[in-house]
Amino acid sequence: MTDHILIERAGETGAINVIRFNRPDKKNAITRDMYSTMAKALSDGETDDSVRVHVMLGTPGAFTSGNDMQDFMAVAMGGAKGTEVFDFLTALATVNKPVISGVKGLAIGIGTTIHMHCDLTFATPDSRFHTPFVDLALVPEAGSSLLAPAVMGHQKAFALLAAGIPFTGEDAAHAGLIYRTVSADELEPAVFAAAEHLAAKPPKALAISRRLVKPDPDAVVARIREEGEHFAAQLKSAEALAAFQAFMARKK
Ligand code: COA
């Protein structure tokens, strides 16, 4: 466990399972420990009957800058990849309770693709959704290659995931990637109001309705696995190592 992820139960009856990135000095970059902590928090929330909804948040300026580049570098240099990312993504793709997210600022890499699993995402208009996978010699992950075209069509999905063109919060709302934009001051109140709204509903009917409007979770997990095989191979490529080294050396 790590305090780089904060977990709390919010709401009058503790029905809101809040998972918050809390590594602001690194723009909330996600380490393997952080993935493990989030997977456990989701699983704990799923089995706790008092929890009705999961909420994912960041800190001012950053939801998350994505996977920790040092961890990418370690794998590129021959280290083991581990299952933490896959375990987290599987947990996220298979939860039965709704997930609400709030973005104020950077949402890079998995910081963008997480929201494709969420049910309501609020973001500030100037937030930055960016998946520079190909620039890092990597490929789309988190089931995004299946989920993004379904919500925004091929061209916007290609622009985001393959061309690596950043979307503002406004762009993301227009594309259907997120529910709506709100001002920075209103962001967390809007997230918690939506969470209270859902927490008050009959949970079984909500869970069934949610499952009916979402893609088949087995297909999503299968795509996460397929993407993961390409991702793992690319992580070990010379072009990926060069991209990670360029990031590390950019301030020198
Ligand atoms: N992994 C590890 N550290 C990261 C990080 C990441 N994904 N993103 C940011 N950081 C660290 C920086 O190294 C820096 O640390 P330092 O102060 O010890 O040097 C700190 O967070 C602040 O980042 P900085 O680059 O100085 O801030 P910025 O506002 O100029 O740029 C980003 C922010 C997010 C645009 C830039 O850091 C970036 O491009 N990060 C990589 C994002 C990425 O490619 N993620 C993987 C996607 S698959």
### Query
Does L147 reach the side chain of P215, with side-chain heavy atoms less than 4.5 Å apart?
yes
#### Entry: I30 and I110: CA distance, side-chain angles, deciding distance, side chain to side chain contact (heavy atoms under 4.5 Å, CB included) verdict
CA-CA 9 Å; I30 315 172; I110 197 168; 3.6 Å; yes
### Message
A side-chain contact here means heavy atoms from C-beta on lying under 4.5 Å apart; do L146 and M116 qualify?
### Response
no
### Message
Would you compute the distance between atom CG of D33 and atom OG1 of T31 and round it to the nearest 0.5 angstrom?
### Response
5.0 Å
### Query
Rounded to the nearest 0.5 Å, how far apart are CD of E239 and CG of L241?
11.0 Å
### Rounded distance [0.5 Å steps], CD in E141 versus OG1 in T113
3.5 Å
### Task
Grab the two heavy atoms, one from V55 and one from A195, that are nearest each other, plus how far apart they are.
CG2-CB, 3.9 Å
#### Entry: Partners meeting salt bridge (Lys or Arg N to Asp or Glu O under 4.0 Å) with R9 (sequence neighbours left out)
D48
### Query
Taking atom OG of S144 and atom CD1 of I114, what is their separation to the nearest 0.5 Å?
11.5 Å
### Summary
OG of S50 to CG of N17, rounded to nearest 0.5 Å, is 9.0 Å
### Task
Determine yes or no for a side-chain-to-main-chain donor-acceptor pair under 3.5 angstrom, with K104 supplying the side chain and P60 the backbone.
no
### Message
Please check this pair: side chain of T37 against backbone of I5, looking for a donor-acceptor N/O pair closer than 3.5 Å.
### Response
no
### Task
Indicate if L206 and V53 have the same hydrophobic cluster label, given that clusters are the connected sets of ILVMFWY residues with side-chain heavy-atom separations under 4.5 angstrom.
yes
### Query
Checking Q234 side chain against A137 main chain: does a donor-acceptor pair fall under 3.5 Å?
yes
### Shortest non-hydrogen contact from A123 toward I178
CB-CD1, 3.7 Å
#### Entry: Qualifying residues under salt bridge (Lys or Arg N to Asp or Glu O under 4.0 Å), relative to R210, sequence neighbours excluded
D119
### D49, CG atom: more than 12 neighbouring heavy atoms under 6.0 Å
no
### Joint hydrophobic cluster, F158 plus L138, side-chain heavy atoms closer than 4.5 Å
no
### Backbone of H117 reached by a side-chain donor or acceptor of K214 within 3.5 Å
yes
### Query
Of all heavy-atom pairs between A93 and P217, which one has the smallest distance, and what is that distance?
O-CB, 3.7 Å
### Query
Would you say the side-chain atoms of K27 pair up with the backbone N or O of L106, donor to acceptor, closer than 3.5 Å?
no
### Task
Return the minimal non-hydrogen interatomic distance between R128 and P166, and the atom names on each side.
NH2-CG, 3.6 Å
### Task
List the atom of T181, the atom of A173, and the distance in Å for their closest heavy-atom pair.
CG2-CB, 4.2 Å
### Task
Could you tell me whether a side-chain N or O of N67 sits under 3.5 Å from a main-chain N or O of G109, the two making a donor and an acceptor?
no
Using atom types as modelled, flag every donor-acceptor pair under 3.5 Å from a side chain in residues 73-92 to any protein atom, sequence neighbours excluded.
from : atom 1 : to  : atom 2 : distance (Å)
T83  : OG1    : D87 : OD2    : 3.0
E84  : OE1    : R32 : NE     : 3.3
E84  : OE2    : R32 : NE     : 3.4
T90  : OG1    : F86 : O      : 2.7

### Query
What's the spacing between I100 CD1 and L120 CG if we round to 0.5 Å?
5.0 Å
### Task
Determine which pairs satisfy ring-ring contact (aromatic ring centres under 6.0 Å, His included) with at least one residue from residues 225-252, sequence neighbours left out, and list them in order.
F72-F231, F72-F244
#### Entry: N/O donor-acceptor pair under 3.5 Å between T47 side chain and S43 backbone
yes
### Summary
In short, side chain to side chain donor-acceptor pair (under 3.5 Å) pairs touching residues 145-157 with sequence neighbours left out are S145-R223, S145-E227
### Query
For the hydrophobic clusters of this structure (ILVMFWY residues joined by side-chain heavy atoms under 4.5 Å, transitively), does one cluster hold both V18 and V182?
yes
### Task
Check whether more than 12 heavy atoms from other residues, nucleotides or ligands sit under 6.0 Å from atom CZ of R180, and answer yes or no.
no
### Message
Quick check: closest heavy atoms across G58 and E188, and the distance to 0.1 Å?
### Response
O-OE2, 4.3 Å
### Query
Do D171 side-chain atoms and T168 backbone N/O form a donor-acceptor pair below 3.5 Å?
yes
### Side-chain heavy-atom pair K26, H4 within 4.5 angstrom cut-off
no
### Query
Counting only heavy atoms not in Q70, do more than 12 sit closer than 6.0 Å to its CD atom?
no
#### Entry: Verify same cluster id: F133, Y35 (apolar side-chain graph, 4.5 Å)
yes
### Query
Going only through I, L, V, M, F, W and Y residues with side-chain contacts under 4.5 Å, is there a path from I7 to F21?
yes
#### Entry: E46 side-chain N/O to N96 backbone N/O, donor-acceptor pair under 3.5 Å
yes
### Task
Spell out, as yes or no, whether a donor-acceptor pair under 3.5 Å connects the side chain of T112 to the backbone of A107.
yes
#### Entry: Listed once per pair and sorted, the ring-ring contact (aromatic ring centres under 6.0 Å, His included) pairs that draw on residues 164-189, sequence neighbours left out
F122-Y179
### Query
Among T64, N28, D68, D3, which one satisfies side-chain hydrogen bond (donor to acceptor under 3.5 Å, both in side chains) with R23?
D68
